[in-house]
Colleague: 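Before we start, here is the structure in question, set down as C-alpha cells.
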Amino acid sequence: MTEKSGPARLTLSRALNEGLRRALERDPKVLIMGEDVGKLGGVFRVTDGLQKDFGDTRVVDTPLAESGIVGTAIGLALRGYRPVCEIQFDGFVFPATNQIVNQLAKMRARSGGHLKLPVVIRIPCGGGIGAVEHHSESPEAYFAHTAGLRVVACGNSPDAYTMIQQAIASDDPVIFFEPKRRYWERAEVDTGADLSSALPMDRARTVMAGDDVTVLCYGPMVRTCVEAAIAARDGAGEARSIEVVDLRSLSPLDTGAIAASVRRTGRCVVVHEAPVFAGLGAEIAARVTEECFYHLEAPVLRVGGFSTPYPPSRLEEHYLPDLDRVLDAVDRTFAF
Amino acid sequence: MTEKSGPARLTLSRALNEGLRRALERDPKVLIMGEDVGKLGGVFRVTDGLQKDFGDTRVVDTPLAESGIVGTAIGLALRGYRPVCEIQFDGFVFPATNQIVNQLAKMRARSGGHLKLPVVIRIPCGGGIGAVEHHSESPEAYFAHTAGLRVVACGNSPDAYTMIQQAIASDDPVIFFEPKRRYWERAEVDTGADLSSALPMDRARTVMAGDDVTVLCYGPMVRTCVEAAIAARDGAGEARSIEVVDLRSLSPLDTGAIAASVRRTGRCVVVHEAPVFAGLGAEIAARVTEECFYHLEAPVLRVGGFSTPYPPSRLEEHYLPDLDRVLDAVDRTFAF
Amino acid sequence: MTVNADGAAAAAPYPAAPAGPPGPGREPEPAPELVQLLTPEGEPVEHPEYAIGESADEIRALYRDLVLVRRIDTEAISLQRQGELGIWASLLGQEAAQVGSGRALGPRDMAFPTYREHGVAWCRGLDPMQLFRLFRGVSNGGWDPADHNFHLYTIVIGSQALHATGYAMGIQRDGAVGNDPAGADGGTAGEAVIAYFGDGATSQGDVNEAFIWASVFNAPVVFFCQNNQWAISEPLEKQSRIPLYHRARGFGFPGVRVDGNDVLACKAVTRKALQAAYAGQGPTLIEAYTYRMGAHTTTDDPTRYRLQSELEAWKLKDPIERVKAYLVRAHGADAGFFQQIDREADELGERIRREVRSMPDPGPLEIFGNVYAEPHSLLAAERDQYAAYLDSFADTEQEAAQ
Amino acid sequence: MTVNADGAAAAAPYPAAPAGPPGPGREPEPAPELVQLLTPEGEPVEHPEYAIGESADEIRALYRDLVLVRRIDTEAISLQRQGELGIWASLLGQEAAQVGSGRALGPRDMAFPTYREHGVAWCRGLDPMQLFRLFRGVSNGGWDPADHNFHLYTIVIGSQALHATGYAMGIQRDGAVGNDPAGADGGTAGEAVIAYFGDGATSQGDVNEAFIWASVFNAPVVFFCQNNQWAISEPLEKQSRIPLYHRARGFGFPGVRVDGNDVLACKAVTRKALQAAYAGQGPTLIEAYTYRMGAHTTTDDPTRYRLQSELEAWKLKDPIERVKAYLVRAHGADAGFFQQIDREADELGERIRREVRSMPDPGPLEIFGNVYAEPHSLLAAERDQYAAYLDSFADTEQEAAQ
Ligand SMILES: Cc1ncc(C[n+]2csc(CCOP(=O)(O)OP(=O)(O)O)c2C)c(N)n1
Ligand SMILES: Cc1ncc(C[n+]2csc(CCOP(=O)(O)OP(=O)(O)O)c2C)c(N)n1
Ligand SMILES: [Mg+2]
Ligand SMILES: [Mg+2]
C-alpha cells in the first residue's frame with residue numbers, strides 16, 4: 001500500500017507507475033512482465049520500485065523475446081492471471097504480432113465466449129526523443145485494424161493513471177499506448193479519486209472547446225494540438241477557434257463524440273505521428289465523412305508521418321507533426 | 001524453357017505458375033522458397049513442377065517458420081538473389097511481421113540507397129473456400145501502412161501472369177496478394193506477349209466502364225463487383241451504370257485513375273474482404289474525399305468485413321461482401 | 001527414411017547432415033535411444049527406467065481408446081468425403097502417442113493441443129462432436145477448456161507452446177508444484193501442462209522461445225512432440241539434421257524419444273515427465289517417434305511426395321495391432337472382448353454420422369457474438385446494421401409473397 | 001555471478017537451474033570448457049586444439065586495434081555527454097572479442113553486426129565516422145555493406161542472424177564453399193558469414209530459427225555470441241540456465257566457448273570455425289565469454305542493477321592489459337612502441353572530435369530519399385508537398401525580411 005493518496009503533480013511516467021501499483025495492490029492476479037521491468041524499473045522507469053514491493057513472481061523480468069512475452073502472458077491469462085506486458089519500444093512489438101493478432105485477439109471468439117483474455121500490452125510509442133531507429137514508431141493502426149483488441153492511448157498524467165487501471169480491469173485484451181516523449185511532463189493527478197467515477201476508457205474527451213474546426217488527436221499529439229489551438233486563438237494571424245478532442249480510445253472510436261463536434265464546427269483535421277497512408281486518420285476521416293457529410297465545409301484533412309520509414313533523429317522534427325503543420329492543415333480546411 | 005507460348009485459357013493458379021516459370025528462366029538469381037513449394041508444388045499448386053525443372057537449390061522447401069523464410073530471403077537478396085517467398089496462407093504471415101516491417105521494408109532506406117531488396121512475398125489471401133480459421137484473412141492493410149513496401153493484388157489470370165513477373169523484376173520488396181478463391185477461375189492469358197508492353201504493376205485498370213458510380217476493388221472482389229455491375233445494368237430494379245476499377249496496386253494507389261473516375265461519376269464505393277475498420281478502404285475513402293470533395297454527391301461508402309475475427313466457414317457468406325451488399329452500398333450512395 | 005524390417009525405428013540410420021565429412025570439433029551424434037515397452041509384434045520389452053505398470057483391465061481400456069479414436073477418425077474422413085465436414089486432419093497412425101500421453105494426464109493437468117489431437121481430446125472427455133463443429137465450419141472451437149482441461153485447438157503452428165508455458169508459470173504462481181513424487185500422494189498433488197506439437201513445429205521461433213521460457217522459469221510443462229516424419233510434404237530432414245529429442249539439450253532440460261506407436265511406452269514416459277514437473281523439476285521434451293499414415297488433411301495428396309513403400313513399412317508397426325496381440329497373449333483377451341469393442345465403435349460411428357448430419361448452422365448474427373467480453377460500440381453498431389440489412393430481405397420476401 | 005580471482009571465468013560455478021534437486025533423467029551439465037590462449041596476466045596457455053600462431057608484428061597490430069577501438073569508444077562516450085551524439089553503445093570490455101573475431105575474417109567474408117560491433121567495424125575498415133553518423137542521428141546506417149563486407153547495424157535484437165544465414169545460403173548457391181582447408185589455398189578460397197549477437201539475443205525466435213536454417217542447409221555461417229553477461233539489466237540467468245554455447249548441441253552443430261577477453265583465443269577459434277564453414281562443414285556457434293564493462297548505452301544506469309564488485313573483478317581480466325604484458329614479456333615491446341600507439345590513439349581521438357562536431361545535418365528532403373528503388377507516386381507527391389510547405393516559410397521569411 002502506498003501511504004499518500006490525493007492530488008499531486010505527477011509525471012506521466014510516475015502516474016502510470018502509481019496506476020500499476022494500485023492495480024497490483026487491488027488484485028493479486030495482476031502481474032507485470034517484460035524486459036528490464038524489475039530492478040531497472042523499465043527503461044522509462046514506469047515500473048520503478050514495483051518488483052521491490054511486489055516481488056519477482058509478480059513483476060517478472062522475462063527472456064528477451066516479445067513473442068514469448070505475449071505468448072506466455074496469454075497462457076497466464078488462461079490460468080486466471082491478468083498480465084500487463086511491457087514492450088520496451090514500439091518497434092519491438094512486431095516479433096509479437098502473431099501472438100497478438102492471431103492468438104490474443106481471436107481467442108475469446110474462438111472459445112465461443114468461454115475464455116477471457118485480460119492482457120494489457122503497454123507500448124511506449126512515438127518519436128521526439130532523439131532516439132535511434134525502431135524507437136519512435138507509432139504502430140497503432142496495425143492493432144486498430146485487428147478485431148478483438150481494444151486500443152487506447154493516454155495523453156497526460158491523469159488519464160495515464162486512470163486508463164492503465166481501467167485497461168487492467170477490462171476483461172478484454174488492451175493495447176495501451178504511452179506517449180514516450182510526454183513521460184516527463186507533469187500534471188495534477190488525484191490518486192484518491194474513485195476509479196468508478198472516471199470517464200470510461202472508450203470515451204473521447206474534449207480538451208479544448210472551440211467552434212471553427214475540430215482537431216482530433218491522441219497520445220503525444222494532444223499537447224501539440226492544444227498548443228496549436230492556443231496559438232490559433234491568441235496568435236498574430238486570423239483568430240480561429242479550434243476544438244481539440246483527445247480520442248483516448250482508438251478502437252473502438254467514440255464516434256458519437258467525434259461526430260457531435262464535427263457537426264458543430266463543420267471542419268475536421270486529424271493528427272497523428274504514424275504515416276498518413278492507411279493510418280488511423282484514414283478511418284477517422286472516412287467515418288467522419290460518412291456521419292457528417294452534409295455538415296462538412298471541407299474534406300477531413302490529415303496531418304501525420306510521411307510514407308517513409310521514421311527518419312534519423314536529426315530529421316524527426318520534419319517528420320513529426322508540429323504546431324505549424326497542424327495550423328497549416330487548419331488553414332487549408334478554410335481554403336476549401 | 002517451356003515450349004508453348006501464346007494465348008491460352010489458364011486458371012489463375014496456372015497463370016502464376018507460368019509467370020514464375022518465365023521469371024526462373026529469365027534470371028538465374030530468381031529463387032522460390034517456402035513451405036511445401038517443392039514436390040507438392042504448394043498447397044495450391046502454384047509452384048507445381050518448378051522444383052522438378054529448376055532443381056532444389058532454386059525451388060527450396062524451407063523449415064516451417066515464416067520469420068525464417070523472410071529473414072533468410074532478405075539475406076539471399078543481400079547476396080544478389082531475387083527470392084520469391086510463398087506464405088502458405090494469409091494468417092501465417094504474422095510470424096514474419098518483424099522481418100517484413102522492421103527489416104525488409106526499411107533496409108534500403110537504412111542503407112541510404114546502397115542496398116536493394118528485390119524480395120517478393122506471395123500470399124494467398126481472402127476467404128470463400130470453406131477453410132478453417134487463419135486460412136481466410138485479408139491482411140493487406142498492415143502492409144499498405146508500412147512504408148518501404150509495395151503491395152499489389154491480382155484479380156484474374158492475365159494480371160496474375162504479368163504482375164508476378166513485374167513484381168519479381170522490381171528492385172523493391174513487393175507483397176503480392178493472390179485471391180485464393182479465384183485460383184481455379186480461367187481466363188485468356190497471352191504468354192507470348194511482351195512483358196514490357198504490359199500495364200505497369202502500380203496502375204489501376206477499369207474493368208467495366210460506367211457513369212453513375214465508381215466501385216473500387218481488388219483481388220477476389222473484382223469478380224464480385226463485376227457481377228454486381230452486370231446485375232445493376234441488366235437487373236430488375238432501377239438500372240445503374242457502375243464503373244468497376246480494379247486497383248491492382250494497393251500501395252501506392254493509382255490515385256490519378258481513381259480520382260478521374262470518381263470525379264466523373266460523383267459517387268464511390270470501396271469493396272474489400274478485410275474488416276472495414278482501419279482497412280484499406282478507409283485510406284481510399286479519405287483520399288478520394290480529399291481529391292474529389294466538390295464532385296462527391298455522397299460520402300464514399302465502404303463494404304467489407306465486420307470488426308470480428310473471420311467467422312467459421314458456415315458463416316463466411318455473411319461476412320464476405322457479395323453482390324447484394326455491393327449493390328446495397330451503391331443504392332445507399334444514391335439515397336444521400 | 002529407412003525402416004528396418006523389425007520395426008526398430010530407433011535403430012534406423014538417422015539421416016546425416018547434408019554436408020560432407022564431419023569437420024574438426026564436430027561431435028558425432030550418439031545413437032538415438034528409443035523407449036519401447038511393446039514391440040510391434042506385441043512382445044513386452046524390458047527397459048531399465050520404464051516398465052509396464054498397467055493391469056489387464058487398464059490395458060483393455062487403452063485398447064478400447066485406440067480403437068474408438070481410430071473410428072472417430074475413419075468416420076470423419078468419410079463424412080468429409082460426403083461434404084459433411086469441410087476438412088479433417090487424420091490421426092491415423094498416431095493413436096498410441098495420443099492415447100498414451102492423454103491417459104497419462106491427471107485430471108488437473110492441462111493439455112494444449114494442435115489441430116490433430118483428437119485422441120487426446122477423447123481421453124480428456126471432450127465430446128467428439130465439439131471437434132466436428134470445428135471441422136464442419138460451425139465454430140472455430142467453442143468448447144470451454146476448463147470443462148475437461150483441454151485447451152482449444154491451435155492452428156497456427158507452434159503458438160500454443162508458449163500458451164502452455166505461460167499456463168505452467170501460472171501453476172507455479174498458484175503454488176501447485178513442488179509436491180514430492182516420493183511422498184504419500186506420489187506427486188499427484190502437483191499440476192502440470194502438456195503441450196502438443198509436430199515435428200515441423202519445432203522450427204517455429206515460438207516453440208524454441210517456449211523451450212527458453214520453460215527452462216529459465218523451470219515451468220511444469222511437458223513438451224510432447226509427435227514426430228510423424230512429415231510436415232505436409234516435407235520430411236523431417238527439412239526441419240532438423242539431428243533427432244528432435246536432442247533439441248532439449250540445447251536448452252538445458254531432458255529430452256527423450258519414445259516409440260510413438262507403443263501406447264504403454266508413451267504413457268510411461270509421459271507419466272514420468274509429468275511427475276518430474278509436479279515435483280518442481282521443470283520441463284521435459286518427449287519426442288514420440290511415429291508416422292502419419294494418412295494424408296496431412298483430407299485436402300492433401302501424399303502420393304505427390306512420398307513412397308507407398310514407406311507407408312507399408314510403418315503399417316507393420318500399427319499402434320493397435322501390437323496391443324491386441326499383447327492382450328491375447330499376456331492377458332487372454334478373447335474374441336468376445338474384441339467384438340464388444342467393435343460394437344462400441346460401430347455405435348460411436350453411428351452416433352457421429354447422425355449427429356454431424358443434423359448439426360445446425362449457426363445464425364448469422366453469431367458472427368458478432370463473443371468477440372469482446374465487454375460492450376463494444378462499433379461491434380454493436382455493425383451488428384444492428386447487419387441485422388437490419390438481413391431484415392430488409394425478409395421484408396422483400398414478405399412483400400414478394402404477399 | 002561469481003568470478004574467481006584468477007580470472008578463470010570458465011571455472012566459475014555456473015548458475016544452476018532455478019529448480020531444486022535434479023530429477024530422474026536430468027543430465028548433469030559437463031563443466032564448461034573455455035578456450036584461452038593468454039591468461040589475464042598475459043601468460044600463454046597451451047591448448048590441445050588451438051595455438052598462438054601470430055608473429056610479434058601481428059600481435060602488435062592486434063594490440064593497436066584494441067587500443068584504437070577503445071579510444072573510439074571513449075571519445076564517443078564523451079561526445080555523447082557533450083550532446084554531439086544522441087546515444088552510444090559502448091564496447092568497453094569487449095574489444096578482444098570483436099578484434100579477435102574481426103581480424104579472423106577473410107576479405108570476402110561477410111559480417112552481420114548488431115549495434116555494438118564498433119571493433120569489428122574497425123577491423124573491416126569502416127570509417128568510424130559512419131558509426132557516428134548513426135549515433136548522432138544523421139543517418140540510420142548509410143554505408144554500403146559491400147564496401148567492406150560489413151553489413152549495416154541491426155537494432156532489432158536477433159533479426160540479423162537470419163539475414164546472415166540467408167546470405168550464407170547465397171554463398172552456397174554461388175559455389176563458394178567446399179574448398180579444402182588442407183589444400184593449397186588453406187581453405188581461403190571459401191567464403192563465409194559471421195553473425196554477431198549478444199547473450200540476450202539467444203532468446204529471440206529469430207536466432208533459434210537461424211540455427212535451424214543454418215543446420216538444415218549446412219550453411220557457411222559462424223554465429224558469434226558475445227556473452228557479456230548482461231542484456232541491459234538482465235543477467236544471463238534470465239536467458240538460459242545452461243552455458244550458451246551448449247545451445248548448438250540442440251541443433252546439431254558444434255558450439256565452443258572462448259575467453260572473450262583473449263584476443264588471440266577469439267581469433268583462433270573464429271578462424272577455425274570459418275575454415276570449417278569454407279570447407280562445407282556448416283555452422284558453428286562461438287560463445288565469447290566476456291563482460292560489458294560500461295553501461296548498456298549512454299542512457300543506462302547500471303548501478304540500479306549490478307554490483308560494483310562484479311565490475312572490479314572483470315577489470316582484472318581487461319582485454320588490453322594481457323596483450324600488453326605478453327608483448328613486453330614475450331616480444332620485448334618497449335615504451336616507445338606503446339607511446340606510438342597512444343599517439344595514434346590521440347590523433348584518432350582528435351580527428352573524431354573534429355569531424356563529429358562539424359558533421360552537417362541532412363537536408364529535410366532526404367527523408368524522402370532512398371525509400372524505394374523505383375519511382376513511387378505517393379512518395380513523390382508527399383515530397384513535393386513538403387517541399388512546397390517548406391518553401392512557404394522561406395517566402396514568409398523573405399517577405400518579413402523585405
Ligand atoms: C505458422 C503456420 N505456418 C504454416 C501453417 C500451414 N501448415 C499447417 S500444418 C503444417 C505442417 C505441420 O507439420 P507438423 O508440425 O509436423 O505437424 P503434423 O501436421 O505433421 O501433425 C503446415 C505447414 C500453419 N498452420 N501455421
Ligand atoms: C526485439 C528487440 N527487443 C528489445 C530491444 C531493446 N534492447 C536493446 S539492447 C537489449 C539487450 C540486448 O542484450 P544482448 O543481446 O545481451 O546484447 P548486449 O546489449 O549485451 O550487447 C534490449 C532488450 C531490441 N533492441 N530489440
Ligand atoms: Mg509432422
Ligand atoms: Mg549482453
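In what follows, every chain begins at residue 1, and chains take the letters A, B, ... in the order their sequences are listed.
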Colleague: Taking D:V371, D:L162, D:D206 one by one, which has the highest count of heavy-atom pairs under 4.5 Å against chain B?
Modeller: D:L162

Colleague: How about NZ on B:K39, more than 12 heavy atoms from neighbouring residues, nucleotides or ligands closer than 6.0 Å, or not?
Modeller: no

Colleague: Taking 4.0 angstrom as the limit, do B:R287 and B:E291 come out as a salt bridge?
Modeller: no

Colleague: Considering only heavy atoms, give the residues of residues 65-75 of chain B separated from chain D by less than 4.5 Å, sorted numerically, with 'none' for an empty result.
Modeller: B:A65, B:S67, B:G68, B:I69, B:G71, B:T72, B:I74, B:G75

Colleague: Below 4.0 angstrom, N of the basic side chain to O of the carboxylate: do B:D159 and B:R205 qualify?
Modeller: yes

Colleague: May I ask you to check whether D:Y386 and D:Y389 place their ring centres under 6.0 Å from each other?
Modeller: yes

Colleague: With a 4.0 Å cut-off, would you call B:D53 and B:R21 a salt bridge?
Modeller: yes

Colleague: So what's closer than 4.5 Å to chain D heavy atoms on B:N102: side chain, backbone, both or neither?
Modeller: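 Contact with chain D involves the side chain of B:N102 alone.
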
Colleague: Could you go through the side chain to side chain donor-acceptor pair (under 3.5 Å) check for B:E140 and B:Y218 one step at a time?
Modeller: CA-CA 11 Å; B:E140 65 274 11; B:Y218 51 91; 2.6 Å; yes

Colleague: B:K106 versus chain D, heavy atoms under 4.5 Å apart: side chain, backbone, both or neither?
Modeller: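 When you check distances to chain D, no heavy atom of B:K106 falls under 4.5 Å.
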
Colleague: Just to be sure I understand the criterion: a residue of residues 82-100 of chain B counts if one of its heavy atoms is under 4.5 Å from a heavy atom of chain D. Which ones qualify?
Modeller: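 B:N98, B:Q99, listed by number.
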
Colleague: For B:R264, does the CZ atom have more than 12 heavy-atom neighbours from other residues, nucleotides or ligands under 6.0 Å away?
Modeller: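 Above 12, so yes.
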
Colleague: Under 4.5 Å, counting heavy-atom pairs only, tell me which of D:D174, D:N140, D:V156, D:T165 racks up the most with chain B.
Modeller: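 Top count of heavy-atom pairs under 4.5 Å with chain B: D:D174.
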
Colleague: What part of B:L253 gets within 4.5 angstrom of chain D, counting heavy atoms only: side chain, backbone, both, or neither?
Modeller: backbone

Colleague: Taking side chain as everything from C-beta outward and backbone as N, CA, C, O, which of these in B:L115 sits under 4.5 Å from a heavy atom of chain D? Side chain, backbone, both or neither.
Modeller: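 Only the side chain of B:L115 comes within 4.5 Å of chain D.
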
Colleague: Please determine if D:E191 and B:R79 form a salt bridge, counting it only when a charged side-chain N lies under 4.0 Å from a carboxylate O.
Modeller: yes

Colleague: Considering only heavy atoms, which portion of D:P362 lies under 4.5 Å from any heavy atom of chain B: side chain, backbone, both, or neither?
Modeller: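 For D:P362, no heavy atom lies under 4.5 Å from chain B.
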
